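Every value quoted in this text rests on a predicted model; they were computed, and no experiment measured them. Counting begins at 1 with the first residue of the sequence. Just so you know, ligand 1 is whichever comes first in the structure, and atom 1 is the first atom listed for that ligand.
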Amino acid sequence: MKNLLTTYRAHLPITSHTPLLTLGEGDTPLIAAPALSRETGAEVFLKLEGCNPTGSFKDRGMVVAVAKAVEEGARAVICASTGNTAASAAAYAARAGLTCAVVIPAGKIALGKLAQAMMHHARVLPIEGNFDTALKLARELAEPGSTPGGASITLVNSINPYRIEGQKTGAFEIVDALGDVSETLCVALPVGNAGNITAYWRGFTEYHRAGKSKLPKMFGFQAAGAAPLVRGAPIENPQTVATAIRIGNPASWRGAVAARDESGGLIEAVTDDEILAAYHFLAEREGVFCEPASAAGVAGIIQLARENRLPRGARIVCILTGSGLKDPDTAMARRELPRPLPATIDALTRALGL
Ligand code: F0G
């Protein structure tokens, strides 16, 4: 049975008192992407993180954070979220018997993610403010003594170090699957609060130090309307169709910059149109339905290929961070459901036009 805590035990902060919590996270598929390889001239792979139990990459870090919270005697966990962290925290808290509170920007959470948080019975706290404000509030609520009842609440955003520890296992899986990672490997991923790029870089450097791998280049991509790392300063009012990465002041800012600079990589911006084009390309040409934010990394490498900026002979792994089923509204916004037809072969043949 797959269990991230036991598979990577030697690399994780697991003690004899840590409950071996699992919903079957990790061990996600790494598949070839032939259409994208033709489009970019590189050898491209997709890491399907939407195949995690709650449909996003967050489960890798959340299983460790919630297991450690249980070990340390917590009764409740809290997070700020653009949706996926909330869904993941809610599921693992339900499994572990903890109360879960999620602070979210009202009106800016994809429907599937909200449904998950509600189904797992999280205390959903929508605020009139964006993710950055939600994170500030969640951090304050997690300060000891900040609730009138004096309850201790563990913060499970990626500033919780256990989140990054669990998240880095994505990097281990890439090396374990590809076998030989050479310096021509590039890892492309969307960047929001910057926990993921920080964690992947930590995973690769740990494997490198253990003599198991060379180091790849980290290619991070932000949405153009929410690109503080590209601009070099926080953004007051971030905007993008990719609500998961609608973040103006990433908590792991320094981790992202270190990953970029130490790996000789880059962090650049892609427009919403480019994100949506990549989102549709993946669905129509690769058969992979990811959420819009996940397509930002793919939009980025398409852009680099057009500008002839991909390293010669590049091998690229795109981290598809979340499932497309999370956000049915964005999927249907550009699609029209055909009107019902008479239930006859004739009507169906005519409609097919074949
Ligand atoms: N892709 C998806 C689907 C996400 O949900 C997120 C972040 C990211 C990429 C960016 O990852 O923050 O580590 O740089 N979602 C967070 C959340 C913020 O609350 O679910 P990051």
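- Numbered from 1 in the order shown, with element, the atoms of ligand 1 that lie under 4.0 Å from a heavy atom of F57 read 1 (N), 2 (C), 4 (C), 6 (C), 8 (C), 9 (C), 11 (O).
- T18 and T15 share a side-chain donor-acceptor pair at under 3.5 Å.
- The closest approach between any non-hydrogen atom of I247 and ligand 1 is below 4.0 Å.
- Aromatic pair H11/Y207: ring centres closer than 6.0 Å.
- Heavy atoms of K326 found under 4.0 angstrom from ligand 1: none, in either backbone or side chain.
- Near S81, meaning under 4.0 Å from any of its heavy atoms, are these atoms of ligand 1: 17 (C), 19 (O), 20 (O).
- For ligand 1, none of its N or O atoms has an N or O atom of E291 under 3.5 Å away.
- Side-chain contact of K326 with N84: a donor-acceptor pair under 3.5 Å is present, judged by distance alone.
- Close contacts between ligand 1 and T82 involve ligand atoms 15 (N), 16 (C), 17 (C), 18 (C), 19 (O), 20 (O) [criterion: under 4.0 Å to a heavy atom].
- A donor atom on one side chain and an acceptor atom on the other are found under 3.5 Å apart for D176 and Y8.
- The pair R350-D346 meets the salt-bridge criterion, since a charged nitrogen lies less than 4.0 angstrom from a carboxylate oxygen.
- Those atoms of ligand 1 that come under 4.0 Å of a heavy atom in N193, given as number and element, are 12 (O), 14 (O), 21 (P).
- Within the listing of ligand 1, atoms 2 (C), 3 (C), 4 (C), 5 (O), 20 (O) sit less than 4.0 angstrom from a heavy atom of N84.
- The protein heavy atom nearest to atom 13 (O) of ligand 1 is N196 N, 2.8 Å.
- With a 4.0 Å heavy-atom cut-off, ligand 1 is reached by the side chain of I245 but not by its N, CA, C or O.
- Of all the atoms in ligand 1, the ones that sit under 4.0 Å from a non-hydrogen atom of T85 are 16 (C), 17 (C), 19 (O), 20 (O).
- Interface atoms of ligand 1 facing V191, defined by a heavy-atom separation under 4.0 Å, are 14 (O).
- The closest side-chain heavy-atom distance from I174 to K47 is below 4.5 Å.
- Of the possible donor and acceptor atoms, one in the side chain of N160 sits under 3.5 Å from a partner among the backbone N and O of Y162.
- Heavy atoms of K113 found under 4.0 angstrom from ligand 1: none, in either backbone or side chain.
- Of the N or O atoms in G195, one or more lie within a sub-3.5 Å distance of an N or O in ligand 1.
- The aromatic rings of F221 and F219 sit perpendicular, their planes meeting at an angle over 60°, well past the 30° parallel limit.
- Looking at ligand 1, you'll find an N or O of G192 within less than 3.5 Å of one of its N or O atoms.
- T28 and E49 form a side-chain donor-acceptor contact under 3.5 Å, judged by distance and modelled atom types alone.
- Not a single N or O atom of S294, backbone or side chain, sits closer than 3.5 Å to an N or O atom of ligand 1.
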After noting the C-alpha distance and the side-chain angles of E39 and R306, does the key distance pass the salt bridge (charged side-chain N to carboxylate O under 4.0 Å, His left out) rule? CA-CA 9 Å; E39 179 76 17; R306 284 196 184 136; 3.3 Å; yes

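- Proximity of P190 to ligand 1 is established by a heavy-atom distance of less than 4.0 Å.
- Summary of contacts: the protein heavy atom closest to atom 16 (C) of ligand 1 is K58 NZ, 2.9 Å.
- Screening E25, E165, E173 against R60 for a side-chain hydrogen bond (donor to acceptor under 3.5 Å, both in side chains) leaves a single residue, E173.
- Atom 21 (P) of ligand 1 has its nearest heavy-atom neighbour, among A295, A194, G55, in A194.
- Summary of contacts: the protein heavy atom closest to atom 2 (C) of ligand 1 is T321 OG1, 3.3 Å.
- For E71 and K68, the salt-bridge test passes: some basic side-chain N is under 4.0 Å from an acidic carboxylate O.
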